[in-house]
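Below: one structure, written as structure tokens.
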Amino acid sequence: MGKTQPVKNKPFSQIIGTGVGIPQKVLTNFDLEKMVDTSDEWIKSRTGIETRYIAEEGQFTSDLGTTAALNALHDAHVSAKDVDVIIFATITPDVGFPATAVFVQKNIGAVNAAAFDIQAACTGFLYGLELADSLIAAKKAKTVLLIGGETISRITDYSDRNTCVLFGDGAGAVVLRAAEDDHGILGVYTRSDGRLNNLLKLDGLGTKYPPTPEHYDQKMHFLRMEGREVFKHAVTCMGDAAEAIMERASLSTEEVDLLIPHQANIRIIEATAKRVKVPPEKVFINVNKYGNTSAASIPIAIDEARRQGRLKTGSVAVLVAFGGGFTWGAAAIRF
Ligand code: ACO
């Protein structure tokens, strides 16, 4: 959390497996040119995005999360029956309740787990990481399955060019267990500022604006965003968070092997890297391929970075995210 000082001699938990669940259907900038008044050139130059993946009809957040979870458990050589807690970070749950996590629990057969969702928009995975690390530190859980998954396409207004070009669907998962050596979560930093709740939001789908025909006509079931304001705050907060976690974990820029920022916009990513003086070759970028997948963005990036050989045993990564709320945060991990 913001004010606590989780400086540790030895990490409490470590990531022992990762996996993703990505839909097959690709939506390109050229497809979007046919839907709204936009261009491949505008989208690429303002955001860095070229393609994004979109869930098929009948494919939900829990389905993508289930695939990610199974892949992460397989990678970790852990049986679903050994999972104590499933945490699912999402702003696009399958239904109002129960939690998306319980559908994953059923699908993977994690019969001994407690399962619940958390909601911190694009920072959800980092909030979940803080919680998972704390549960393991407190010896309340031995094995935690943490998933970030979204079907943002379901809350996207494909007639609004300000938002529809930005988002994509997907899920990523990690398995965490108690650290046995000095490899693991070195620290997590999480913050929020509820005074800015109006700048990035989805008014409908809750109890305040029930799904009446009037609210439906007002498109309250779609995400809305003040793009320029969000951009400004994202740059400041992600820079602050990355600096804060590096200071807490006593990490110099040279000691960071990979900066993994939330993949929202290439310009936000570059500004964050510049602020913490991490050179471009040490910055992980896949926003061009996936767009902004909200809570799924960081776990997808971790999995890809591992598979590309950019996160080896001993590599130090700094993760940093920002999202609706506003929420933001960072984490330092020695893999
Ligand atoms: N295609 C063409 N033109 C567009 C499009 C589009 N898709 N979208 C907006 N425009 C237009 C605007 O209407 C505006 O036109 P006007 O000048 O005639 O009014 C013009 O382009 C410039 O608009 P800006 O908003 O100033 O463009 P900007 O350079 O700020 O880029 C963007 C917009 C990409 C949305 C940027 O503000 C941004 O990335 N914001 C942060 C978005 C984000 O990351 N959100 C999520 C973060 S948190 C989370 O992940 C949930």
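Start at 1 and go down the list; that is how both ligands and their atoms are numbered.
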Do T143 and D82 have a side chain donor and acceptor closer than 3.5 Å?
-> no

When you compare the side chains of S39 and E33, does any donor N or O come within less than 3.5 Å of an acceptor on the partner? no

Those residues at least two apart in sequence (or on a different chain) that pass ring-ring contact (aromatic ring centres under 6.0 Å, His included) with H221 are Y216

Is it true that D240 and R275 have a side-chain N and a carboxylate O under 4.0 angstrom from each other? yes

Counting only non-hydrogen atoms and a 4.0 Å cut-off, the residues near ligand 1 are D37, T38, W42, R46, T47, C122, R161, N162, V165, L200, M225, G227, R228, V230, F231, H262, A264, N265, R267, I268, N292, F322, G323

**Asked** Is it the case that E150 and T293 place a side-chain donor and acceptor less than 3.5 Å from each other?
**Response** no

Answer yes or no: does atom CD of Q24 have more than 12 heavy-atom neighbours from other residues, nucleotides or ligands under 6.0 Å?
-> no

